[in-house]
Asks: 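Shown below is the structure under consideration.
Chain A is the first sequence line, chain B the second, and so forth, proteins listed ahead of strands; every chain is numbered from 1.
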Protein chains: 2
Amino acid sequence: MQTRSKTTYHHGNLRNSLIAAAEALLMQKGLTELSLREVAKAAGVSNAAPYRHFRDKTALIEALAEGGFLQLKAGCDRAQKKYPAEPARQLVEAGMAYLFYAIEKPAIVHLMFGGLISLDDCGAPLKQAADEAYGSLGQIVGNGQKAGIYQEADGADLTLTAWSTVHGLSLMVTGGLLHTRTKSRAQLKKLGESVAGILLAGFLKR
Amino acid sequence: MQTRSKTTYHHGNLRNSLIAAAEALLMQKGLTELSLREVAKAAGVSNAAPYRHFRDKTALIEALAEGGFLQLKAGCDRAQKKYPAEPARQLVEAGMAYLFYAIEKPAIVHLMFGGLISLDDCGAPLKQAADEAYGSLGQIVGNGQKAGIYQEADGADLTLTAWSTVHGLSLMVTGGLLHTRTKSRAQLKKLGESVAGILLAGFLKR
DNA sequence: ACCTGAACACCGTTCAAGT
DNA sequence: ACCTGAACACCGTTCAAGT
């Protein structure tokens, strides 16, 4: 179980352990029930220890949200690499990645935009991760514009619309509107593709 | 200050007073800082009193969310009445009403889909309010289909796309992505109309 | 430099007791 | 029937003290 990390085990990179423990707890419990003390205990450390690594509870939550935005950016980058010459497909693929990430870790997606943290007033790393994720989606939209397949419109407006739709859909699906929790993964994929198709129709030239 | 309500003042409809107090506190403080004890104090009552009217804190939050869905439904109904023969305009108008409600009461919109409550497993009144709001938007979409102005598509998918986009945009704007908090009301209106235009383009026949 | 133990103020919730 | 007071277990946060 020994890794190549500099610090042996018991002490060392507690920061990452706390993030991992918090993420694990969020898989089982709701956002409201998540307590810093419990996270500390799960990481095998005292109540006060987390405060060496996070200013307060919000700072830990910001770190979790940052991880979410990094995942979203990774999904966008992957979509661009996978379909280098098909911007429309990039957009759909990125959207589906977003949706499946939300299904996998609903609590993370919720805290990214649930009002618990403010992107206007947060630590620099979170702000940067959010901007980069948004920027990567903006690239995908830009690819379509350069290819001349989209209608004339402000790129920023298109990007905002795409993110809004995909994020909104993710919340509908994870938030429980219309008994979606009982739907199978295949059904959810079909749902996502339908919505992506309608969104894309609004982007394309007519 | 005497109303026609059956109960005089000091005792009586504490339930509504608690809801009002909670809503008022949410205008100033974040969702995390809202405590039941504080709500009780604001309503001039003891810590334990709310438990005569709400099973627990979640039940109070559900009541707040219910109010939000009722507002959303009201916006949809208003839009249908205002433009009886123009389904596309109904859709844009309802979306703008949603957006402005979110700007006015961001905390309410956040708790409606923020994962704090689950629409799959909540009290009947909240479930009904959510379904009715969703149903009213479905009517607006159906109006467009009946008028034959929308592309061939499952009405449920169109409705889901519309709600997702508008809800997602509301969260982008209230959640602080891309310094929107500094934007004026006029700018936000323009932003909303741009997104609504792109969404609508995806709905319309080509 | 990083962690612990104990403490403080606060919170959700319960329950006997009051009116 | 509705509300209060006091209590219990829990939480975020701080700080002196340990290693």
Asks: By side chain to side chain donor-acceptor pair (under 3.5 Å), which residues pair with A/K57, not counting sequence neighbours?
Replies: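 For A/K57, no residue satisfies side chain to side chain donor-acceptor pair (under 3.5 Å) once neighbours in sequence are set aside.
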Asks: Kindly write out the residues that satisfy side chain to side chain donor-acceptor pair (under 3.5 Å) with B/Q145, not counting sequence neighbours, or none if the list is empty.
Replies: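 Listed in chain order: nothing, the list is empty.
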Asks: Show every salt bridge (charged side-chain N to carboxylate O under 4.0 Å, His left out) that has at least one partner inside residues 107-117 of chain A, sequence neighbours left out.
Replies: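 Residue pairs passing salt bridge (charged side-chain N to carboxylate O under 4.0 Å, His left out), neighbours aside: none found.
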Asks: Using the side chain to side chain donor-acceptor pair (under 3.5 Å) criterion, which residues pair with B/E193? Sequence neighbours excluded.
Replies: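 Side chain to side chain donor-acceptor pair (under 3.5 Å) list for B/E193, sorted by chain: empty.
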Asks: Taking side chain to side chain contact (heavy atoms under 4.5 Å, CB included) as the test, write out the residues that go with A/A133, two or more places apart.
Replies: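 Only A/F69, A/L72, A/K73, A/W163 meet the side chain to side chain contact (heavy atoms under 4.5 Å, CB included) criterion with A/A133.
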Asks: A/K29: which residues meet the salt bridge (Lys or Arg N to Asp or Glu O under 4.0 Å) condition with it, sequence neighbours left out?
Replies: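 In terms of salt bridge (Lys or Arg N to Asp or Glu O under 4.0 Å), with neighbours along the sequence ignored, A/K29 is linked to A/E38.
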Asks: Rounded to whole angstrom units, what separation is found between the NE2 atom of A/H53 and the C1' atom of C/dA1?
Replies: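 Taking NE2 of A/H53 and C1' of C/dA1, I get 10 Å after rounding.
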Asks: Just to verify, what does A/R89 make a salt bridge (Lys or Arg N to Asp or Glu O under 4.0 Å) with, not counting sequence neighbours?
Replies: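 Testing A/R89 for salt bridge (Lys or Arg N to Asp or Glu O under 4.0 Å), a comparison that skips the adjacent residues, returns A/E86.
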Asks: In dot-bracket notation, what is the pairing pattern of DNA chain C, taking Watson-Crick (N1-N3 plus N6-O4 or O6-N4) and G-U wobble (N1-O2 and O6-N3) contacts under 3.5 Å, with [ ] crossing and | for other strands?
Replies: ||.|||||...|||||.||
Asks: Going by heavy atoms in the side chains, are A/L160 and A/S164 under 4.5 Å from each other?
Replies: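 When only atoms from C-beta onward are counted, A/S164 and A/L160 do touch, with a gap below 4.5 Å.
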Asks: Specify the separation, in whole Å, of atom NZ of A/K41 and atom P of C/dT4.
Replies: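 One finds 14 Å between P of C/dT4 and NZ of A/K41, rounded.
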Asks: Do any of residues 23-32 of chain B sit with a heavy atom less than 4.0 Å from DNA chain C, and if so which?
Replies: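 Here the set is empty: none.
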Asks: For A/A24, which residues count as a side chain to side chain contact (heavy atoms under 4.5 Å, CB included) partner, sequence neighbours excluded?
Replies: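 Partners of A/A24 under the side chain to side chain contact (heavy atoms under 4.5 Å, CB included) test: none.
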Asks: Does A/K190 have any salt bridge (Lys or Arg N to Asp or Glu O under 4.0 Å) partners at least two apart in sequence or in another chain, and if so, which?
Replies: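 Expected list: none.
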Asks: I need a per-nucleotide contact map over nucleotides 5-17 of chain D, read 5' to 3'. Cutoff is protein heavy atoms under 4.0 Å; write B for the base, S for backbone only, - otherwise.
Replies: B-B---BBBBB--
